[in-house]
Amino acid sequence: MGVTQGGGYTAVIEVAQEPDGSFQWTNLNIAAGRDVGRGILRPAPFPALTSGFAAVGWGSDSRRVYYADADGAVIELKTDGSRWQFLNLTSDLGVPAARWNSALTTGGMRSGTMMVYYVDEGGGLIVLKSMKSVKSEPTWHSDIADFIPKVPATSPMAALQNGRGRFVYFFNKNGHVIEVEGFGKPPRRITDLTKFMNLPSPSPLSGLAATGWGGDHRHVYYADTNDSLIEMAGYGDENGRWSARNLASQGVRRLKDGSPLAAAPADGTPKGVALLGQGSEPLWANWENGWSTQEIFTTAAANSSVACAATTDGRPWVSYVDWNNHLSLWRGPGSDWRWWDLTAGLDLPAAAKVATQGPLALVQTERGTRIYYLTDEPDF
């Protein structure tokens, strides 16, 4: 089947670990393409390099990847372990296109329900909800709530799910951390966490990360103007059950200004946060009878993001792009760590050189680790 030769488009690359520990890579825009007849393959829509980027993995080997194309259409790449397919959620649901530099996030899959969040051209928060159907494919619904504060163009977003409901976080125009609860009980609640807990102001370049578990546990992370990592920990938003702490005073190194943040999804306890130190060194900050920071092998590229996940045995996995523009993968913890230069080992297409906190995602399924990134130099 014919396809256009490489070099003239962008693509989503998946690097997947096999059960024997080896890795292989796939150009997902080609893998999810459709046969339009006469031996011609129409690839999935190509991602915009300014697009937000998110991925989810669960079960035996179900994976979903989300991004916006050059027209702002939000695209889903999907597989449940066999072939890849794509959906254009913007046209299928009739929702607004994503802003050219919209953040995009998802709180993961829980009980057959998943949320995808992005921002339209007017700064409005758009919520897409996928619900599992017993007899057919999951159904998608959309929600556009005009009463939610506008999301500034410079704000990152983070999301989580727990037993109570689904939550998304962003910075408003005053730099306050805003929490929006949606499709839970009550149906919607908006909380200015900065006012609620008298939080320090975030750095103008701060990242944002969140993870949740159990009945209503929520942990949210950002960097303040002193490049200290701030943790908000909550169980409900009433009766003073939110707390905040400056982790720089508890053993976590100060961040590089503009460091991306990624929190490992938790199951019963927070696993930790991936970040970049002031020398661009990738770090894993975690709690185990006190906060500590472990330095990860090599130095990150100036435009690298970070992504992380944790396996069921509690091991953290962190991915980033190193100083040589090679995709790197680290598995901890402690002295029992391992590091892979995936670009050198697999002859990967080069990672696209885009802004910090850009397109990089890491998920875990029962089959193994899966990493996703964007390239503008695909081999085919």
Side-chain angles (χ1 to χ4, degrees), residues 12-15 23 25 49-55 103 105 156 158 202-209 221-224 226-229 247-248 251-264 271-286 291-310 315-334 337-346 348-363 369-377:
V12 178
I13 303 297
E14 177 191 63
V15 180
F23 293 87
W25 68 272
L49 291 181
T50 57
S51 168
F53 194 68
T105 190
S203 162
L205 300 177
S206 174
L208 191 62
Y221 301 89
Y222 72 94
D224 70 9
N226 293 318
D227 299 322
S228 299
L229 185 63
L247 298 185
V252 176
R253 293 191 202 173
R254 294 189 185 276
L255 288 69
K256 174 183 177 181
D257 194 19
S259 168
L261 297 172
K271 302 299 183 184
V273 183
L275 52 101
L276 300 182
Q278 294 191 320
S280 295
E281 70 278 16
L283 301 173
W284 173 249
N286 71 302
W291 279 95
S292 63
T293 307
Q294 181 170 359
E295 188 169 328
I296 298 173
F297 196 67
T298 76
T299 302
N303 60 340
S304 175
S305 189
V306 293
C308 68
R315 287 183 177 272
W317 296 70
V318 178
S319 184
Y320 59 96
V321 177
D322 76 7
W323 64 273
N324 202 29
N325 205 39
H326 284 199
L327 183 68
S328 300
L329 177 66
W330 173 87
R331 186 212 67 200
W337 62 270
R338 188 173 178 184
W339 176 83
W340 293 264
D341 182 335
L342 295 173
T343 298
L346 299 173
L348 293 176
K353 295 181 179 180
V354 296
T356 300
Q357 304 172 26
L360 183 65
L362 188 155
V363 304
T369 302
R370 280 84 177 91
I371 307 163
Y372 303 91
Y373 72 96
L374 296 190
T375 182
D376 52 3
E377 299 179 20

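Source: prediction; values computed, not measured. By convention here, the first residue in the shown sequence is residue 1.
Using a 3.5 Å distance cut-off with no hydrogens or angles, the side chains of Ser203 and Asp257 do pair a donor with an acceptor.
Looking at Phe23 and Leu329, their side chains come closer than 4.5 Å, going by heavy atoms from C-beta outward. Taking the side chain as every heavy atom from C-beta outward, Tyr373 and Glu14 never approach each other to under 4.5 Å. For the pair Leu348/Val15, a side-chain contact is recorded, criterion being any heavy-atom separation below 4.5 Å from C-beta on. Residues Leu374 and Ile13 have side chains not in contact (no heavy-atom distance under 4.5 Å, counting atoms from C-beta outward). Counting heavy atoms from C-beta outward, Leu276 and Tyr320 have side chains that stay 4.5 Å or more apart.
With values rounded to the nearest 0.5 angstrom, Trp317 atom CH2 is found 10.5 Å from Arg370 atom CZ. Rounding to the nearest 0.5 angstrom, the gap separating the CG atom in Asp227 from the CD atom in Gln278 is 5.5 Å. A distance of 4.5 Å separates CG of Leu275 from CG of Leu255, quoted to the nearest 0.5 Å.
At least one donor-acceptor pair closer than 3.5 Å links the side chain of Arg254 to the backbone N or O of Asn226.
The two residues Ser280 and Lys256 come nearest to each other via the heavy atoms OG-NZ, 3.1 Å. Taking each heavy atom of Arg315 and Pro333 in turn, the nearest pair found is NH1-CD, 4.0 Å. Closest non-hydrogen pair, Ala264 versus Cys308, comes out as N-SG, 3.4 Å. Listed here is the closest heavy atom pair of His326 and Asp341: ND1-OD2, 2.9 Å. Here the shortest heavy-atom pairing between Ala361 and Ala54 reads CB-C, 4.4 Å. Listed here is the closest heavy atom pair of Pro260 and Ser305: CG-CA, 3.7 Å.
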Show, in sequence, the C-alpha distance, side-chain angles and deciding distance for Thr299 and Asp322, and conclude whether the side chain to side chain contact (heavy atoms under 4.5 Å, CB included) test is met. CA-CA 6 Å; Thr299 302; Asp322 76 7; over 6 Å; no
Test side chain to side chain contact (heavy atoms under 4.5 Å, CB included) applied to Leu208 and Leu261, step by step: CA-CA 6 Å; Leu208 191 62; Leu261 297 172; 5.8 Å; no
Show, in sequence, the C-alpha distance, side-chain angles and deciding distance for Leu342 and Trp25, and conclude whether the side chain to side chain contact (heavy atoms under 4.5 Å, CB included) test is met. CA-CA 10 Å; Leu342 295 173; Trp25 68 272; over 6 Å; no
Apply side chain to side chain contact (heavy atoms under 4.5 Å, CB included) to residues Ser328 and Trp339 and explain how you reach the verdict. CA-CA 7 Å; Ser328 300; Trp339 176 83; 3.5 Å; yes
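Every residue two or more places apart in sequence or in another chain that forms a side chain to side chain contact (heavy atoms under 4.5 Å, CB included) with Pro202 is listed here: Phe171, Ser206, Tyr222. Scored by the side chain to side chain contact (heavy atoms under 4.5 Å, CB included) test, Ala307 finds Leu360, Leu362 as partners (sequence neighbours excluded). Partners of Asn325 under the side chain to side chain contact (heavy atoms under 4.5 Å, CB included) rule, at least two apart in sequence or in another chain, are Val321, Ala350, Ala351, Lys353. With sequence neighbours left out, the side chain to side chain contact (heavy atoms under 4.5 Å, CB included) criterion links Ser292 to Asn286. The ring-ring contact (aromatic ring centres under 6.0 Å, His included) test applied to Trp323 returns no partner, not counting sequence neighbours. Here Arg331 pairs with Asp336 under the salt bridge (Lys or Arg N to Asp or Glu O under 4.0 Å) rule; sequence neighbours left out.
Relative ring orientation between Trp330 and Trp284 is described as tilted, the plane-to-plane angle lying within the 30° to 60° band.
Comment: Glu281 engages Arg253 in a salt bridge, judged by a side-chain N to carboxylate O separation of less than 4.0 angstrom.
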